[in-house]
Each structure stands twice: as structure tokens, then as C-alpha cells.
Amino acid sequence: MPEQDLILARREKLARLRERGIDPYPYTFSRTHTAQELREAFRGLPPAQHTGVEVAVAGRILAFRRMGRAAFADLHDRSGKIQVFAAPQTLGAEGYEFWLDVLDLGDWVGVQGEVFTTKTGELSVAAQEIVILAKSLRPLPEKWHGLRDVETRYRERALDFLTNPKAREILIARAKILRTIRNHLDARGFIEVETPILQPLPGGASARPFITHHNELDRDLYLRIAPELYLKRLLVGGLEKVYEIGRNFRNEGISSEHNPEFTALEAYEAYTDYQGMMELAEGLIEACVLAVAGTSRLEYQGRWIEFSRPWRRVPLLELVAETSGCDVEKPLPELVEDLERRGIPIPEHLKRGPRGKVIEHLLEICAEKTLWNPTFVLDYPLDISPLAKRKRDRPDLTERFELFIAGKEVANAFSELNDPEEQRSRFMAQEKLRAQGDEEAQRVDEDFLRDLELGMPPAGGIGIGIDRLIMILTDAPSIREVLAFPLLR
RNA sequence: GGGUCGUUAGCUCAGUCGGUAGAGCACCGGCCUUUUAAGCCGGGGGCCGCAGGUUCGAUUCCUGCACGACCCA
């Protein structure tokens, strides 16, 4: 039947409710039990028992079984489902006919009546009174298969959540993971802060920003691509251990691992370095794994991930040399030639350098997908790490790591660069790349440099992609599964 | 950006080697007082993604486009 006709039929029922003086969208309902509370309170009640206990339950009707002079409905609330039994004896002959006539699948109702078990043992409420709490005007997906079509699932998320318990469970797990992260950091003396999302200059990452405009100031502002520079300024301000969990915005493509707005954790801790950040990451993520799985291993897309510590640590250059089979310390033109001889093509725009980008590219195409158990990849080239301190014995590298789990980049961390003069020259090098057409190159942030000149204590800092972490912890194949409302084309 | 596959009723899916389409659920009507995807009988419901082309005739074949999934870059 055309959707419009199905909607029309429901509107007619809505009209019938109103004709009877019933408000189909009332204000409140006092329930005594959730479905789960009822199950717990009457656990073990044998079949065909009457209790004499009156309760009031509420929820959405997701199934009807009508059999003439009696009917059953499944009432779903957040905690689960409870069966409602309706018959003329308790509702009155006229009331019974009326409610059977005007209720549809999807309607929200409140039901008051006696708790009993049917002869098959199903805990039920025998309706003495039915209240409509909200009339549903649109038809629901098929009860057995539910809503499968992924495009509709993402475009009509409310319908997806009401149909697919798994979709709701991911959001619940998400809340649990975020709570675990906050508890873990709070317990270690970190202060949760909030820094600007609207920024005069986008900084702290290599990415293209979204641009917006402030009318009163008549000035363009950017949605942040990272909170990094502001959080470091709080280290200058003496906060010592800070973190922020919030949304970043990057004007980039959409894929199963990218959404233009995504949630990141950034944490900064004075008096430590990237080694300290590895320990922090291990402890934090292990706590999350324990919270959702109860053990330190879990299955992602059919493969087990082992989270027991310590995690593998491998220098980036070593990893890339191993997987590409090339001497990656060679000068750039020779390296590119060598790679192409081995059938590893390098995109044109990377051939001019900086060489760090070629190394990073090799990591992405040769190694990333093989890093299944948590792996810290260490010591990134200086030219692609403008905010990280130089590695102590290798001035062309930095003390920086990325963490990979299940082939996904989950975290990025440094020994934070706190020498204001070197920071300025790193920014200048980035500006040069920008002038050569690299739109992702970072910009000179004078406000940040001024604060660095006040003195920032030595510190380690880390950024963790929360959505990807949640994907791994909830066995979600796409970032869209872990976002309440993913951006679609 | 390239390749492969997909788009048919509100939902889940069949199908047409080219002759304007089916099922189950949902919906509507009837029977049914203990069901659990209830059951039985009957009914209505479709621009077969969009636009061109080939053809007497296209949902089916061809081309392009849109959207999606997966793989590759």
C-alpha cells in the first residue's frame, strides 16, 4: 500500500481518538515499573498465576496478536519488553473494541492493570486502563527483519534506533566508554576543560577547516580542527594536567572511518613525554576494553584483538623499511625511484616532498592495515610533525607516536615542543609548504607563540579518535554506526 | 579518481533469456478468549532509482546520471 494511504489510515484513527475527547498527545504518565523492573520483581512466578498486584507500564507497541475476544501486545520501553493482555472483562466490551480499533504498531501507550502469568508462563499485565501517550502516524519496518537498508538506516536514524536494538546498544556503549575515559583521567588528577570551537585561526593539526562568519565582528572564524594549541596555553597557565573531549571539524571526505565532525580526546600532562603518553594510552584504552568486554581481549569484525600490556612499539622508519623493502633513509628522489621500481607508485603531489609525507604515505599503504593488535608506531619525521619535540638522538625525527588498532589510526601523541623559537621556525616551514600549495599546512599562530614565550613546562600530549575507538570496542564496521546522526551526502 | 555489485509495494526480498510484476510482514474486511514472527479466509496496494537510446513493445538490453555497498588508489 502506498505510504500515504497507510499514514491516512492512522490519521483517521487519530481523529477517532479526538472525537472521543481523548488527547492523543497528553503531557505525563505515572508508571510504576519498567519492563525490566517488572521482570525482576516477579521472577520465577509460575504459569497461570494471578498476583493481585496492580502496576502501570508505558512504552511503544511493537507487536499485536489479536484473537477475537482477547488480544496481546508487546510493549517496549528502554529496559526491554513486557506483554500486555487485553480482554473485554477488564476493559469493558466497548472499550476493548475501541482500543483495538484505534491503536497501531508504533503507538506509545500507558497501561494500568494486574500482573499475571499466562498459561505459557509469559509475564503480562492485564489491561484495566489504556492511555494513549503519543499516536504514531507512520508505518514501521517489517517486524522480523527490521530496517536493513543501510542508507535508510543512516538517513532515518530515529527509525533505525527504534527498530534495531543493536543500534541503540552502540550509543549506550558509547556513553559508557566516555564515562570510563573521564573517570580514568579524573582519577589521575586531570582537569576537564572546554576551549573554543570557533577559532580565529585553525591550528593544532594538518587539515582543511570549515569557515564561518561572525556578523557583528564582520570577521571570518573557523570551526576548530583540533583544540591542541589552546590546551597547551592552559599548560602555560599552570593547569599541569588538562583534557578536553569534544567535536573537531575537518573539511574532508566522508568514508567508513571519516566523518567531517568527529569526537576527539586531547590530554596534556606536564613533566612527562611521549613515553608517558604511551602508558597513559595503554591504561586508558585498557580500562575502556574492560568496561565493555570484561576482559582485555575482544573480537572486531571476526578477528580477536589482544589488549594485554605492554603493547608493541615499533619505530616508523623500521616498520616502513620492512614492509616496503626499501632503504627509506635515502634522499627523496632516489627513494621514489626505488619504490616505483618495486611497484609502489607515489602520487605526483608527494614526489616533491617533504619526504616525511612519502614515509607517511608508505605507512598508510604498506603497513597500516597489518597493525591489528595495538601498536605504537614511533618517531615521525620532523617535517610532518611541526608541534613535536625533536627526538633526542635523531634531530631529523620527532618524539611522536601514532597508535594503531585493527588497522586504524586511533591516537597521535608527542613530547610537546615548548621552545618558542623553534616552534616559530617550524611554523615558518609550514607556511612555506602552504605557499607551495599545501592547503593542509599549519599556520603561524602568534597568540600561541606569545604564550609559549611565557614558558610551557615540558609535557606529553595525546589525541585519541574517540569514534574510531568506539568502533573497535563495539565491533562497528563503519564510523556511521557509532554516530547518532552521521553526515550523509 | 578507478573497478565490481546494487536500487522492484511502507518494510524484507523473489522475478521477468524483452510482451507493463510476485511472496512474506504491515494495512483493510471476516472468523477466533492464552498468543509469542499466533492461525485461517478474503481484499486493496507498484512512474520496477532518474534521463536518454535500441525495439512493434523496455522494469528487463545499451549509454549517461543520482544514491548506496564493497574493493583499489
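We name chains A, B, ... by the order of the sequence lines, and we start the count at 1 in each one.
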Only pairs under 3.5 Å count here: list side-chain donor-acceptor contacts from residues 463-472 of chain A, not counting sequence neighbours, and write none if there are none.
residue: A:Asp467; atom: OD1; partner: A:Arg174; partner atom: NH1; Å: 3.0
residue: A:Asp467; atom: OD1; partner: A:Arg174; partner atom: NH2; Å: 2.9
residue: A:Asp467; atom: OD2; partner: A:Thr263; partner atom: N; Å: 2.7
residue: A:Arg468; atom: NE; partner: A:Glu257; partner atom: O; Å: 3.2
residue: A:Arg468; atom: NH1; partner: A:Glu409; partner atom: O; Å: 2.8
residue: A:Arg468; atom: NH2; partner: A:Glu257; partner atom: O; Å: 3.2
residue: A:Arg468; atom: NH2; partner: A:His258; partner atom: NE2; Å: 3.4

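- Taking every side-chain heavy atom of A:Lys119 into account, B:rU34 is the closest of B:rU34, B:rU35, B:rA26.
- Remark: A:Arg224 fails to qualify as a cation-pi partner of A:Phe249 under the 6.0 Å distance and 45° angle criteria applied to the six-membered ring.
- At a threshold of 4.0 angstrom between heavy atoms, the contacts of A:Lys81 with the nucleic acid are absent.
- At whole-Å resolution of the value, CG in A:Leu362 and P in B:rA73 are 12 Å apart.
- Checked against B:rG68, B:rU35, B:rC27, the side chain of A:Glu122 finds its nearest nucleotide in B:rU35.
- With a glycosidic angle further than 90° from 0, B:rU12 counts as anti.
- Proximity of the aromatic rings of A:Tyr274 and A:Phe414 is defined here by a centroid distance below 6.0 angstrom, and this criterion is not met.
- Within the structure, the salt bridge (Lys or Arg N to Asp or Glu O under 4.0 Å) test picks out the following pairs touching residues 81-91 of chain A (sequence neighbours left out): A:Asp74-A:Lys81.
- Here, B:rG22 and B:rU60 have their C1' atoms 15 Å apart, quoted to the whole Å.
- Residues A:Glu364 and A:Glu360 have side chains in contact (heavy-atom distance under 4.5 Å, counting atoms from C-beta outward).
- Contact annotation: the side chain of A:Leu339 approaches that of A:Leu362 to within less than 4.5 Å [non-hydrogen atoms, C-beta and beyond].
- Rounded to an integer number of Å, the gap from A:Leu100 CG to B:rC31 P is 13 Å.
- With salt bridges taken as basic N to acidic carboxylate O contacts below 4.0 Å, one links A:Arg31 and A:Asp77.
- Pair assignment for B:rG39: B:rC31, on the basis of Watson-Crick or G-U wobble contacts that are both within less than 3.5 Å.
- A side-chain hydrogen bond (donor to acceptor under 3.5 Å, both in side chains) check over residues 470-489 of chain A, counting only residues at least two apart or in different chains, returns the pairs A:Arg153-A:Glu481, A:Tyr154-A:Glu481, A:Gln301-A:Asp475.
- Residues A:Leu316 and A:Pro381 have side chains in contact (heavy-atom distance under 4.5 Å, counting atoms from C-beta outward).
- Contact of A:Thr118 with B:rU35 (side chain to base): a donor-acceptor pair of N or O atoms is detected under 3.5 Å.
- We find that A:Asp107 and A:Lys13 are not joined by a salt bridge, their nearest charged nitrogen and carboxylate oxygen being 4.0 Å or further apart.
- Residue-level contact check: A:Arg153 touches neither bases nor backbone, having no heavy atom under 4.0 Å from any strand.
- Legend: ring-ring contact (aromatic ring centres under 6.0 Å, His included) pairs involving residues 107-140 of chain A, not counting sequence neighbours, sorted by first then second residue: A:His50-A:Phe116, A:Phe85-A:Phe116.
- Atom pair A:Asp104:CG and B:rC25:P shows a separation of 18 Å (rounding to whole Å applied).
- Rounded to the nearest Å, the gap between the P atom of B:rG15 and that of B:rA37 is 28 Å.
- Side-chain N/O atoms of A:Lys143 include none lying less than 4.0 angstrom from OP1 or OP2 on B:rC27.
- Here B:rC70 presents its C1' atom at 14 Å from NZ of A:Lys369, a figure rounded to the nearest Å.
- The partner of B:rG18 cannot be assigned: no Watson-Crick or G-U wobble pair with both contacts below 3.5 Å exists in any strand.
- A:Ile7 has its CD1 atom 14 Å from the C1' atom of B:rG45, to the nearest Å.
- Remark: the separation of the C1' atoms in B:rG29 and B:rU34 is 25 Å, to the nearest Å.
- Annotation: B:rG43 and B:rC25 have their P atoms spaced 15 Å apart (nearest Å).
- Along RNA chain B, the nucleotide nearest A:Arg155 and the nucleotide nearest A:Gln83 are compared for position; the residue whose nucleotide lies closer to the 5' end is A:Gln83.
- Judged by Watson-Crick or G-U wobble contacts below 3.5 Å, the nucleotide B:rU55 has no partner.
- Counting non-hydrogen atoms of neighbouring residues, nucleotides and ligands closer than 6.0 angstrom, the CZ atom of A:Arg11 reaches no more than 12 such neighbours.
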**OP:** Any chance you could list the contact pattern along nucleotides 7-12 of chain B? Use B for base contacts, S for sugar-phosphate-only contacts and - for none, protein heavy atoms under 4.0 Å, 5' to 3'.
**Re:** ---BBS
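- Comparing B:rG68, B:rU34, B:rU35 by their closest approach to the side chain of A:Val150 singles out B:rG68.
- Counting non-hydrogen atoms under 4.0 angstrom, A:Arg10 reaches nothing in the nucleic acid.
- B:rG6 and B:rC67 make up a base pair, with Watson-Crick or G-U wobble contacts both under 3.5 Å.
- Using a 4.0 Å cut-off on heavy atoms, the residues of residues 49-76 of chain A that approach RNA chain B are A:Phe64, A:Arg65, A:Arg66, A:Met67, A:Gly68, A:Arg69, A:Ala70, A:Phe72, listed by number.
- Atom pair A:Leu103:CG and B:rA26:P shows a separation of 16 Å (rounding to whole Å applied).
- At whole-Å resolution of the value, CD in A:Glu151 and P in B:rA69 are 7 Å apart.
- What separates CG of A:Leu162 from C1' of B:rA26 is a distance of 14 Å, to the nearest Å.
- Taking atom C1' in both B:rG49 and B:rU8, the straight-line distance is 10 Å, to the nearest Å.
- Comparing the C1' positions of B:rA9 and B:rA14 gives an interatomic distance of 13 Å, to the nearest angstrom.
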